[in-house]
Amino acid sequence: DGGITQSPKYLFRKEGQNVTLSCEQNLNHDAMYWYRQDPGQGLRLIYYSQIVNDFQKGDIAEGYSVSREKKESFPLTVTSAQKNPTAFYLCASSARRGQGQPQHFGDGTRLSIL
Amino acid sequence: QKEVEQNSGPLSVPEGAIASLNCTYSDRGSQSFFWYRQYSGKSPELIMFIYSNGDKEDGRFTAQLNKASQYVSLLIRDSQPSDSATYLCAATFFSGGYNKLIFGAGTRLAVHP
């Protein structure tokens, strides 16, 4: 089954701790994205990547880091510098870069502070 | 600041009625527009996309685009209780050599029996 897999579904972070959210896709999509969603708000772009070994900051990149070593994988690290990490994190992918193609989402990871 | 605006709702409609969801966008250069449905606690699911002025129909859903007015709408005919969800409108804008999506905050739709 083709799709986007995010793990874990729920994650708890202790103060001062870095945590990594996994995102894997088997859709052969070039572009991948990370969004954050807070209650009652739209999705805000954290980072995006159009090709392997290249990624760009989105609107709210501070306190986050990413890597894109493989086409299929785009992990997001929430660092201790992100002071308000509690949110619903969504990974998405799309077929072609820069073409306005639809983005498809994984099931998301809910991150909370312990 | 590029923006997509939606009425937060809730929009309440009776079962079987037409639900009309509206969205405006600020970037006149936006070319592609998307409607996502998001059930409570779940991730967004793409239901429609539209690139050209006019109407696009898919089953009970019709997307309408008016680029001159910078306005996108989604009509849901024969609304069902299972359509109750938050509907997110998104528009592309070009920045730094890439097309990116800007999402509205969503309109909550409640279909009552």
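Proteins get letters first, then strands, A, B, ... in listed order; numbering begins at 1 in each. These numbers were taken from a predicted model, which means no experiment stands behind them.
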Stepwise side chain to side chain donor-acceptor pair (under 3.5 Å) check, B:Y87 with B:R108 | CA-CA 6 Å; B:Y87 289 80; B:R108 192 156 58 91; over 6 Å; no
Quick one: does A:I60's side chain get under 4.5 Å of A:L45's, heavy atoms only?
-> no
Chain A contact via B:F33 - side chain, backbone, both or neither, heavy atoms under 4.5 Å = neither
Answer with yes or no after comparing the ring centroid distance for B:Y36 and A:F105 against a 6.0 Å cut-off, counting only values under it.
-> yes
Select one option (side chain, backbone, both, neither) describing which atoms of A:R110 are under 4.5 Å from chain B's heavy atoms.
-> side chain
B:Q38, part contacting chain A, at a heavy-atom distance under 4.5 Å = side chain
Heavy-atom pairs under 4.5 Å with chain A are the metric here; pick the option from B:G41, B:G104, B:S8, B:P44 that has the most.
-> B:P44
Identified side-chain contact (heavy atoms from CB on, under 4.5 Å) counterpart of B:L101 within the set A:Y48, A:Y35, A:Y33 = A:Y35
Please look at A:L90 and chain B and tell me whether the side chain, the backbone, both or neither of the residue comes under 4.5 angstrom of a heavy atom of that chain.
-> side chain
A:Q82 side chain to A:Y64 main-chain N or O, any donor-acceptor pair under 3.5 Å?
-> no
Checking heavy atoms, do the side chain of A:Q103, its backbone, both or neither come under 4.5 Å from chain B?
-> both
Any idea how B:Y51 and B:F34 line up, ring-wise: parallel (<30°), tilted (30 to 60°), or perpendicular (>60°)?
-> perpendicular
Just give me the residue among A:P102, A:G108, A:G40 that pairs up with chain B most often, heavy atom to heavy atom, under 4.5 Å.
-> A:P102
